[in-house]
Number of protein chains: 2
Amino acid sequence: MAITIRDIAKKADVSIATVSRVLNSPEDVSHETKEKVEKVMEEMNYKPNAFARGLIRRSIKTIGLIVPDLNNLFYPPVINGLEDGLEENDYNVFLCNTNEDIKKEKKYIDNLLNKNVDGIIFLGTRPTGFQKNKHIIELSKEMPVLMINDYITGAEVYSVMTDERNGAYKAINYLVELGHKRIGFINGDVNYTTYRYKLDGYKKALEDNNIDLRDTYIVNETPYEKGGYKGMKKLLSLNNSPSAVLAASDQIAIGAMNGIFENGYSSDDFSVIGYGDVPLISELYSGLTTVSQFPYHTGQLAAETILKVINGEKMIQKRRIIDPELKIRKSCNKCKGHFEC
Amino acid sequence: MAITIRDIAKKADVSIATVSRVLNSPEDVSHETKEKVEKVMEEMNYKPNAFARGLIRRSIKTIGLIVPDLNNLFYPPVINGLEDGLEENDYNVFLCNTNEDIKKEKKYIDNLLNKNVDGIIFLGTRPTGFQKNKHIIELSKEMPVLMINDYITGAEVYSVMTDERNGAYKAINYLVELGHKRIGFINGDVNYTTYRYKLDGYKKALEDNNIDLRDTYIVNETPYEKGGYKGMKKLLSLNNSPSAVLAASDQIAIGAMNGIFENGYSSDDFSVIGYGDVPLISELYSGLTTVSQFPYHTGQLAAETILKVINGEKMIQKRRIIDPELKIRKSCNKCKGHFEC
DNA sequence: TTGTACGCGTTATCAT
DNA sequence: ATGATAACGCGTACAA
């Protein structure tokens with residue numbers, strides 16, 4: 001049996017109330033008794049029981065993190081930032097991996113509810129549609145909820161996300177500056193919030209640059225290497241294949257580059273822009289030009305935000321928008337060579 | 001205020017003991033009252049309070065996971081497997097990221113102890129030395145402890161790890177079969193358990209193949225892309241540079257390949273073997289030949305093992321060793337071309 | 001089979 | 001400034 005507040009009280013010859021006070025409101029206790037008690041706690045290696053605490057305080061400084069897929073390399077750096085930000089404030093995180101299974105997600109939510117977490121964070125973009133997110137709206141009535149890279153309107157749900165529309169817009173503009181006019185887009189499933197916005201940005205940028213939109217230049221794939229590879233192959237098989245391509249994720253971009261190399265081209269012939277700025281990936285193939293979502297910072301901001309909500313601070317804005325930035329590395333070049341510009 | 005066991009008891013017109021029983025020992029309660037109570041619980045959407053429960057049961061079905069660095073891509077798939085295995089048994093995991101900071105690690109351990117986790121898992125290889133792991137030995141006297149990819153002797157510490165020695169051995173043998181005789185090794189810090197074993201395997205394989213060991217062929221770097229890149233540059237700058245190289249991690253391998261390409265070589269000229277078999281990475285550069293540690297399976301096995309320990313099952317062996325397997329893809333070729341074989 | 005009452009380790013509200 | 005004591009919500013020995 002672990003050592004309790006009572007043991008300390010006995011040994012220090014004070015009441016348990018006093019012991020509790022040196023822990024929670026040290027200013028209410030005389031300097032000397034405080035020192036005495038603290039010394040005993042040290043000696044006996046006392047550790048307050050979090051359950052007993054939680055029973056009264058109804059909080060155990062824990063937040064639940066629901067991540068749809070640990071194979072998505074964009075998430076680890078976000079989690080990293082999140083965890084750092086939370087740890088600084090002595091909060092722990094329950095990691096819940098759903099594999100995009102909605103049933104598993106609901107089970108986890110129940111579980112987290114039972115365990116009385118102080119808040120829940122949903123990581124990653126999600127399929128749109130009221131039905132699919134109804135349980136989150138319900139949840140938000142009971143406890144602080146924050147989404148990373150998605151949002152829900154008309155509910156007490158907070159968000160940290162990047163301006164995807166603008167990110168895609170910047171990327172396309174850059175490619176146009178390099179002289180590209182045939183610009184493809186390997187996107188994810190547009191039923192997911194972020195991919196929808198990216199598509200918007202892509203279209204808007206083309207329009208503003210007076211470039212006609214070609215449906216065949218837009219392909220939708222899974223946001224991983226395989227998808228990028230498949231998408232690239234499709235684009236390369238076109239009659240008038242593009243000379244540059246925006247990928248909706250860094251992993252798509254990598255897959256696309258594999259496809260390019262396999263067909264005997266180099267990044268001299270074919271420009272690729274990724275999306276996300278995942279630490280490792282951006283260094284691949286001697287440097288991937290990418291739209292940075294600042295994943296680590298995103299996580300930090302999420303931590304900061306949910307802590308504010310938990311502490312009851314009034315939030316003027318429910319959504320925090322990070323402005324993405326184009327990180328120019330080496331995967332893009334002026335349009336020339338094999339392709340008509 | 002949330003709804004409690006007392007509310008249920010009142011509404012169902014039974015005692016709180018009975019309500020508690022339908023939750024914990026339903027066989028001790030008559031079928032009809034059980035149904036009645038369950039119906040009320042359903043209606044009132046009752047959720048047992050985990051704190052109160054934990055206070056008595058001294059367990060809350062939670063394990064703490066200490067990971068040294070979320071930027072190490074080998075970990076996410078392991079965590080994935082671990083989390084899946086744990087979730088199946090209704091266990092949650094506290095994610096603790098230490099950034100290799102021993103102070104942070106100790107703080108986390110205290111934290112986890114306070115929160116009464118049922119066990120703690122340490123992910124990843126660690127620096128050897130009694131001093132550095134003393135706190136883990138101490139910890140193991142208080143609760144179940146398991147290490148992934150490391151071990152401690154003379155303490156109640158369980159392990160799931162791969163036979164690194166054998167993994168390196170297999171890799172070198174394969175390179176020899178391909179005709180390579182000048183084989184470099186970009187290793188990590190040999191003060192870490194796994195890198196020490198890998199070095200052993202490398203040496204043993206050379207010896208068994210009657211190849212002289214050259215100290216200059218062995219370089220020690222950080223186990224990430226940057227390290228691989230730097231290490232490769234060193235090897236390429238040698239008078240008699242190797243024609244093949246074993247990398248102590250997949251991320252090292254990727255960095256090494258970047259170095260190779262930058263110097264104008266291809267994998268036709270220069271063979272590279274990685275280590276780990278991280279899902280994404282192995283697909284890079286049209287397929288990295290690598291020594292698979294089966295990361296997902298490693299995680300699953302860890303989950304299974306610690307649950308057994310928690311449930312008091314007698315474990316015949318404290319260490320579970322996974323035999324690594326060479327996954328042959330495309331980064332290795334017969335020795336030829338620019339380099340003497 | 002069911003109910004009463006106590007204890008788990010804290011914190012909070014009174015007194016003193 | 002300090003102490004006694006009642007909660008917090010649940011599980012369980014004991015009694016009925």
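Here is how names work: the chains are called A, B, and so on, in the same order as the sequence lines, proteins then strands, and each is numbered from 1.
What separates CZ of B:Arg53 from P of C:dT10 is a distance of 21 Å, to the nearest Å. Rounded to an integer number of Å, the gap from CZ of B:Arg6 to P of C:dA5 is 12 Å. Note: CD1 (A:Ile5) to C1' (C:dC8) measures 13 Å, nearest angstrom. Distance, A:Asn24 CG to C:dT13 C1': 14 Å, rounded to whole Å. Taking atom CG of residue B:Asp13 and atom C1' of nucleotide C:dT2, one finds them 12 Å apart after rounding to whole Å. Separating the CD1 atom of A:Ile16 from the P atom of C:dG7 is a distance of 14 Å, rounded to the nearest angstrom. Residue A:Arg57 contributes atom CZ, which lies 16 Å from atom P of D:dG9 at whole-angstrom precision. With rounding to whole Å, A:Met41 atom CE is found 15 Å from C:dG9 atom C1'.
Contact between the side-chain N/O atoms of B:Ser15 and the OP1/OP2 oxygens of C:dG3 is found at a separation under 4.0 Å. Not one side-chain nitrogen or oxygen of A:Thr4 sits closer than 4.0 Å to the OP1 or OP2 atom of C:dC8. Remark: B:Thr18 is not in phosphate contact with C:dT2, judged by side-chain N or O atoms under 4.0 Å from OP1 or OP2.
The two residues A:Lys104 and A:Thr98 come nearest to each other via the heavy atoms CD-O, 3.8 Å.
The pair B:Asp90-A:Lys107 meets the salt-bridge criterion, with a side-chain N (NZ, NE, NH1 or NH2) lying under 4.0 Å from an Asp/Glu carboxylate O. Salt-bridge check for B:Lys132 with B:Glu105: failed, with every basic side-chain N at 4.0 Å or more from each acidic carboxylate O. A:Lys61 and A:Asp118 are not joined by a salt bridge, as no carboxylate oxygen comes within less than 4.0 angstrom of a charged side-chain nitrogen. By the 4.0 Å N-to-carboxylate-O rule, A:Lys308 lies close enough to A:Glu304 to be salt-bridged with it.
No contact: B:Lys34 has no heavy atom under 4.0 Å from any strand. In this structure, B:Asp28 reaches the bases: a heavy-atom distance under 4.0 Å links it to at least one base atom across the strands shown. Within the 4.0 angstrom heavy-atom criterion, base atoms lie near B:Arg21. B:Val19 comes within 4.0 angstrom of no nucleic acid atom, judged by non-hydrogen atoms across all strands. Residue contacts shown for B:Ser30 are limited to sugar-phosphate atoms, with no base heavy atom under 4.0 Å away.
With C:dT10, D:dC10, C:dT11 as the candidates, the nucleotide lying closest to the side chain of A:Ser20 is C:dT11. Minimum atom distance to the side chain of B:Leu55 is reached by D:dG9, of the listed D:dG11, D:dA4, D:dG9. Across D:dG3, C:dG9, C:dG3, the shortest atom-to-atom separation from the side chain of A:Val14 is found for D:dG3. When distances run from any side-chain atom of B:Pro48 to the nucleotides D:dC10, C:dG3, D:dC8, the shortest one goes to D:dC10. Minimum atom distance to the side chain of B:Tyr46 is reached by D:dC10, of the listed C:dT2, D:dC10, D:dT12.
No donor-acceptor pair closer than 3.5 Å links the side chain of A:Ser140 to the backbone N or O of A:Ala155.
Along DNA chain D, the nucleotide closest to B:Ile56 and the one closest to A:Glu32 are compared, and the more 5′ of them pairs with A:Glu32.
Applying the 3.5 Å distance criterion, the base of C:dG9 shares no donor-acceptor pair with the side chain of B:Arg58.
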